[in-house]
There are 2 protein chains.
Amino acid sequence: MTKSSQRFLLEDVARAAAVSTASVSRVLNNAPHVSERLRSRVQAAIDELGYVPHGTARALATRRVGAIAALVPTLDNPIFSTMIEGLERRLKWHDYRLLIATYHYDLQDEVEALRGMIQQGVDGTILVGHDHLAETLRLLALHDVPYLSCWHATRDPDWPTIGFENATPACQLAEHLVMLGHRDIAVVCAPTTSNDRARARLKGFRQALESAGISLAPEHVVTVEYGIAEGSLALERLMRLTPRPSAILCGNDTLAFGVMLAAQKLGLRIPEDLSVTGFDDLPQARFMTPALTTVAVPAADIGTCLADTLVARMKGQNVPHYQQMEAPIVIRGSTGPAPDVATSS
Amino acid sequence: MTKSSQRFLLEDVARAAAVSTASVSRVLNNAPHVSERLRSRVQAAIDELGYVPHGTARALATRRVGAIAALVPTLDNPIFSTMIEGLERRLKWHDYRLLIATYHYDLQDEVEALRGMIQQGVDGTILVGHDHLAETLRLLALHDVPYLSCWHATRDPDWPTIGFENATPACQLAEHLVMLGHRDIAVVCAPTTSNDRARARLKGFRQALESAGISLAPEHVVTVEYGIAEGSLALERLMRLTPRPSAILCGNDTLAFGVMLAAQKLGLRIPEDLSVTGFDDLPQARFMTPALTTVAVPAADIGTCLADTLVARMKGQNVPHYQQMEAPIVIRGSTGPAPDVATSS
DNA sequence: TTGTAGGCGTTATCAT
DNA sequence: ATGATAACGCCTACAA
């Protein structure tokens, strides 16, 4: 009934097996040059005592913790939790634990979180996107923590990354609308400060429209926080414009849901009166009525790939600095010919 | 250009400030009995060298890691990622890091994950639900790791918990349907093995119906995996029954979405031809057409409360063994009078 | 108030 | 192949 629930130490195992602590350690880490006789004797002692190695002590001696950190903007966006799922599963497979911190798009918070993780002791770090404070990079370098960024496609020597193009599919979505005859096109996007992905998508939209000779007026770009209700508000604002846009490009699926809802509430038919696009391809996108035209972001695959690549890098293996995954647009029922075209035909 | 990027140690700070390592340590942990003069001198040295304490070494000496583990079934269900969000934010506030592992409703996997966490060294653990293997409890006790369970309302001396009733609101939902005149009621639920929450909900449904004199025949209970498509399949199966059920109780919102979609596809109007209920109150529930009648699960609050309570417990404070939160039913448009009633009136 | 020295539980470098 | 023993980096009695 002692206060400290006497757990056993490596030393106890050594004593029980009548060998040295070094030998126990060797068995534990199945090092070479261990006789089968000794191994089994030690193993028996381990089993009998129910000995569990002390991770912290091991970490101190090894200078390897067995954990990596993931710093993500938020987990409330399913696209990130899906990525984390993939990451965690694969890390577990590699026998690494996952530490998580969120910073809600506040890059200073990201720095603090990173500082905490480094102090905690992590063997590697995953960051989202290309927008970070200089301090972030400095910390990473100072403590030479292996790291990887993701979700963007910027080739930057400072930022090894596993990502996808945000601008390109955004561009394709806009071209798709243009091809359908739309000329009055508006954009609903997430705040672009500290969010290169949102910026890249907006840039893609803009670029495609401009090469089609369509300029995106400031009042045609509405920036709102993430959320269904927010998307609805954005549409209501856009529908007060004259002429009304015939198509809405949304920065993500959730905003698109909000836009579609508001449209229905306004009596607008989709896609006959209004075309809508999203970005992410959340599970429900294909089930909406009509199904949402969007971009399929390989969230789970990115998570898996991040795990494999970071582990390889931590092992000192040479891994590609830049890995790009496909983020194809998927065209569904929420986009259709522009009303004018339909009418005038 | 040495291999090891010379980071500074506490010893270096001591030397730079011309004090003992003990003094530096005292400043670091702002212990009492430190003169202001010494403190500022040490602080200056710390700042100048950019010294960061070595968490692992500190953990070994202190026997306190500054991290807690959360073992959740999955992160692909938004209800859990929302809880994790709340948990992580609050833990950060308490200056704790969060380790995450998922076990996909495989309790043996949960044990393995827990073992990993304990070995890793965590100061506390969060578990979901009341269904666990005996080994889970044994590990927790053996290593006396403070722990908390959540999401259920079972009063069990072994399981301190912060949760809510699953059966009660399920019951209320069923009663609500009965009150609306429904007699042919079916249930679509998630697999109940290793999932006490799903079981409790099913039990609540069943209980309410039975006290209304309605028996839930086996073919009226369809069990499917989590997912929208799965919900749709379940409804298709149920609609082959004669007579067709006039109301569907779903184990969670996602299944309910699937059910509603399939219903629409079959030309059934909701709620005129079919009433549908969910459980969770995901963000989109209120935005569906019609809006979903469901149960509002306080996911984020649970996360916050878990953090506060676990931290208090780790500090040795006396905390309630059992905390219950409200999970009120919210009645919306997806439920309405039974067709027969409407017709016969 | 400040300093000295031993300990936290493993690993890893030497010998043997 | 196995065994001593010195790190690993910090905390904390205990001493001054």
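Throughout, a chain's letter reflects where its sequence line sits, starting with A, and its residues are numbered from 1.
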Close side-chain approach of B:Pro298 to B:Phe164, heavy-atom, < 4.5 Å: yes
Per-nucleotide protein contact along nucleotides 5-13 of chain C, 5' to 3', at a 4.0 Å heavy-atom cut-off (B base, S sugar-phosphate only, - neither), is --BBBBSBB
Below 4.5 Å, heavy atoms only, C-beta onward: do A:Arg155 and A:Gln324 meet side chain to side chain? no
Residue list, ring-ring contact (aromatic ring centres under 6.0 Å, His included) with B:Phe80, at least two apart or on another chain: B:Trp151
What side-chain hydrogen bond (donor to acceptor under 3.5 Å, both in side chains) pairs are there with at least one residue in residues 31-43 of chain A, not counting sequence neighbours? A:Gln43-A:Asp47
Are the side chains of A:His130 and A:Thr161 in contact, using a 4.5 Å heavy-atom criterion? no
Partners passing ring-ring contact (aromatic ring centres under 6.0 Å, His included) against A:His132 (at least two apart in sequence or in another chain): A:Trp159
For residues 8-19 of chain B, the side-chain hydrogen bond (donor to acceptor under 3.5 Å, both in side chains) pairs (sequence neighbours left out) are B:Glu11-B:Arg15, B:Asp12-B:Arg15
What is the 5' to 3' range of DNA chain D, first to last nucleotide, that sits under 4.0 Å from any heavy atom of chain A? D:dA1 to D:dG9
Spacing between B:Arg37 atom CZ and C:dT2 atom P, to the nearest angstrom: 8 Å
What integer distance in Å separates B:Glu36:CD from C:dT2:P? 10 Å
Quick one: does B:Leu306's side chain get under 4.5 Å of B:Met83's, heavy atoms only? yes
